[in-house]
Amino acid sequence: MMNYHSLIFLLLLLLSSCSVSIPVTPKQETVKTSSAVAIQEADPDIIKVDKASDINFVRIDNIINEAIEENDIPGAVALIAHKGKVVYHKAFGKADTESNRAMKTDDIFRIASQTKAITSTAVMMLWEKGLFRLDDPISKYIPEFKKATLLDSFNESDSTYTTKPANTQITIRHLLSHTSGIGYGVIDGDPRFKKMYAKAGITDLFTTENISIAQSVKKLAALPLHHEPGSKFTYSEGLDVLGYFIEIISGQPFDEFLREHIFDPIGMADTWFYLPASKHSRLVNVQHKKDGQWKNYPKTFYDTDYPIKGAKRFFSGGAGLSSTAADYAKFLQMYIDGGVANGHRILGRITIRTIMANQIKDSWGDGGKHYGLAFGVVNEDGDRVGGEGGKGTFDWGGYFNTQYFADPEEEIIGILMKQTQGTSSDDTGWQFRQVVFSLF
């Protein structure tokens with residue numbers, strides 16, 4: 001007869017074997033989805049914002065209010081998020097000084113080069129599908145780039161030039177990392193390229209004219225490069241080329257691809273190339289200082305009203321979007337949350353590591369940062385110097401005086417939106433960033 005101890009052992013063995021045999025549904029990956037609440041005010045009990053932190057927030061109020069009082073800026077919207085919660089979101093000054101319209105936190109800004117990171121994200125989403133390799137030549141998909149040339153000589157009197165063949169083909173990685181050798185026309189640092197791009201009729205940034213991104217990119221492909229692709233960093237229209245590339249690879253218009261695969265899943269309802277009529281009144285005017293007063297910026301080589309009028313056909317991957325501080329915070333939060341937003345996997349975590357990695361070695365020339373495939377990224381030297389955030393903090397800005405940064409380690413996001421041109425006395429960008437990193 002079985003004794004008591006033997007019976008217990010047999011029962012334990014039986015239970016153990018049963019537990020192993022129960023079918024288990026594979027566990028779904030658990031990820032943070034704090035971007036889903038990125039526009040909600042934080043609960044002080046959750047994030048432990050104490051009295052000392054409140055005093056620090058007043059420092060930010062003071063920085064921006066003093067800049068407005070000193071007439072350095074007409075207005076701004078500032079946002080800070082910490083661990084997926086917005087802990088500070090305020091509007092200051094005027095969205096339009098001439099009409100005396102006050103700035104509001106949900107106002108919409110032309111984000112210009114902040115578009116680049118969104119375009120890069122779209123490229124990498126398609127890359128994750130195995131549709132191309134980063135080191136594929138772009139001419140494989142846009143044949144007009146097959147005969148890459150370098151500038152050989154330039155005639156200042158009539159802007160004619162000669163070229164010589166490039167030894168290297170432009171790759172998708174070159175376009176993402178600004179090492180393709182393509183220039184930037186009207187904002188190019190080399191006046192020869194400014195003249196060549198103007199003469200060729202390249203649309204450099206944004207336009208109300210009736211032209212598509214495909215038409216502009218094909219004209220761009222015929223122009224010479226600054227240098228051999230991959231040899232150095234030259235800030236360029238490469239992201240416009242990639243906007244057209246996205247259309248080719250995805251089979252969708254660029255704006256529709258972004259809406260379906262990034263903006264709608266993340267919840268970026270206020271981010272558009274061209275604003276719906278219902279949102280026109282929220283667009284902040286571009287302002288510049290004239291005779292000591294802030295005035296609406298005049299029409300120059302571009303019309304500042306491009307997001308609300310004109311042909312609305314040119315989807316600039318490098319500079320065309322308008323957005324709010326809250327919408328852009330959701331986009332940055334997706335990166336902090338390992339590529340997930342609102343339960344949607346936008347990018348893989350390993351892909352994000354590739355995006356943040358130093359893609360151009362020492363070619364950028366900024367000792368405190370390196371450049372990846374979408375952002376400038378603070379390195380150990382930048383961490384040591386201070387004021388920029390910790391190692392791994394990623395950032396960029398826009399032509400109309402908008403800035404953002406995000407520290408994935410500390411889970412801090414900072415966004416400062418203004419809408420000015422020709423401002424030389426505005427120190428709020430570096431001041432805001434330096435103070436934000438003292439809060440937590």
Side-chain angles (χ1 to χ4, degrees), residues 56-80 88-105 107-114 184 186-189 191 194 205-206 235 283-302 304-305 319 322-325 328 365-369 376 378 382 385-389 393 395-405 414-439:
N56 287 338
F57 288 134
V58 171
R59 290 187 220 162
I60 296 172
D61 293 347
N62 292 340
I63 285 170
I64 301 174
N65 282 326
E66 286 173 12
I68 293 171
E69 290 170 8
E70 294 293 326
N71 212 27
D72 294 332
I73 58 173
V77 171
L79 182 149
I80 305 167
Y88 183 95
H89 192 192
K90 286 190 178 183
F92 302 82
K94 303 297 181 183
D96 179 2
T97 305
E98 290 186 18
S99 69
N100 205 36
R101 183 169 84 80
M103 192 79 79
K104 296 180 181 178
T105 54
D107 274 343
I108 296 172
F109 297 78
R110 300 158 194 80
I111 62 172
S113 286
Q114 290 186 210
Y184 224 139
V186 73
I187 62 169
D188 202 296
K194 288 184 180 182
L205 303 169
F206 12 74
Y235 198 51
L283 181 66
V284 178
N285 281 13
V286 178
Q287 300 181 70
H288 72 139
K289 202 182 292 186
K290 185 176 181 181
D291 299 325
Q293 300 296 318
W294 288 103
K295 301 290 184 180
N296 292 336
Y297 196 70
K299 183 176 179 178
T300 55
F301 67 89
Y302 61 89
T304 57
D305 286 335
S322 296
S323 188
T324 62
Y328 213 83
D366 188 329
K369 293 180 189 174
V378 174
V385 171
E388 295 285 305
T393 296
D395 61 28
W396 209 247
Y399 184 70
F400 296 109
N401 203 2
T402 60
Q403 300 95 29
Y404 69 85
F405 52 85
I415 296 172
L416 185 60
M417 297 287 210
K418 295 159 284 184
Q419 206 79 146
T420 62
Q421 280 287 279
T423 304
S424 59
S425 59
D426 175 18
D427 290 325
T428 56
W430 70 262
Q431 290 173 329
F432 174 74
R433 183 165 179 162
Q434 185 168 301
V435 170
V436 165
F437 284 115
S438 72
L439 300 180

Checklist outcome for this item: G389 and V378 have their tightest heavy-atom pair at O-CG1, 3.8 Å

Item to check | N401/F109 under side chain to side chain contact (heavy atoms under 4.5 Å, CB included): CA gap, chis, key distance, verdict | outcome: CA-CA 10 Å; N401 203 2; F109 297 78; over 6 Å; no

Checklist outcome for this item: Closest non-hydrogen atoms of F206 and A319, given as atom of the first, atom of the second and distance, are CD2-O, 3.3 Å

Checklist entry - Under a 4.5 Å cut-off applied to non-hydrogen side-chain atoms, are S425 and E70 in contact? => result no

Checklist entry - Are side-chain heavy atoms of V284 and I108 found at a separation under 4.5 Å? => result no

Next on the checklist: Please give me the minimum heavy-atom distance between K289 and N71, naming the atom from each residue.
Outcome noted: NZ-O, 2.6 Å

Item to check | Side chain to side chain, Q419 and D107, heavy atoms closer than 4.5 Å | outcome: no

Checklist entry - Is the ring centre of F437 less than 6.0 Å from the ring centre of F405? => result yes

Checklist entry - Are N100 and E98 close enough that a side-chain donor and a side-chain acceptor fall under 3.5 Å? => result no

Item to check | pair I60-L439: side-chain heavy atoms closer than 4.5 Å | outcome: yes

Item to check | Donor-acceptor side-chain pairing of T97 and Q287 below 3.5 angstrom | outcome: yes

Checklist entry - Between T420 and P74, which heavy-atom pair has the shortest distance, and what is it? => result CG2-CD, 3.5 Å

Next on the checklist: Before you tell me yes or no, could you show the steps for L416 and R433 under side chain to side chain contact (heavy atoms under 4.5 Å, CB included), namely the whole-Å CA-CA distance, both residues' side-chain angles and the distance that decides it to 0.1 Å?
Outcome noted: CA-CA 9 Å; L416 185 60; R433 183 165 179 162; over 6 Å; no

Checklist entry - With under 30° as parallel and over 60° as perpendicular, where do the rings of Y235 and Y184 fit, or are they tilted in between? => result tilted

Checklist entry - Heavy atoms, side chains only, cut-off 4.5 Å: are E66 and Q431 in contact? => result no

Item to check | Side chains of Y328 and T402, donor plus acceptor under 3.5 Å | outcome: no

Item to check | Smallest separation among heavy atoms of N285 and R110, with atom names | outcome: C-NH1, 4.2 Å

Checklist outcome for this item: To the nearest 0.5 Å, atom CD of Q421 lies from atom OH of Y399 at 4.5 Å

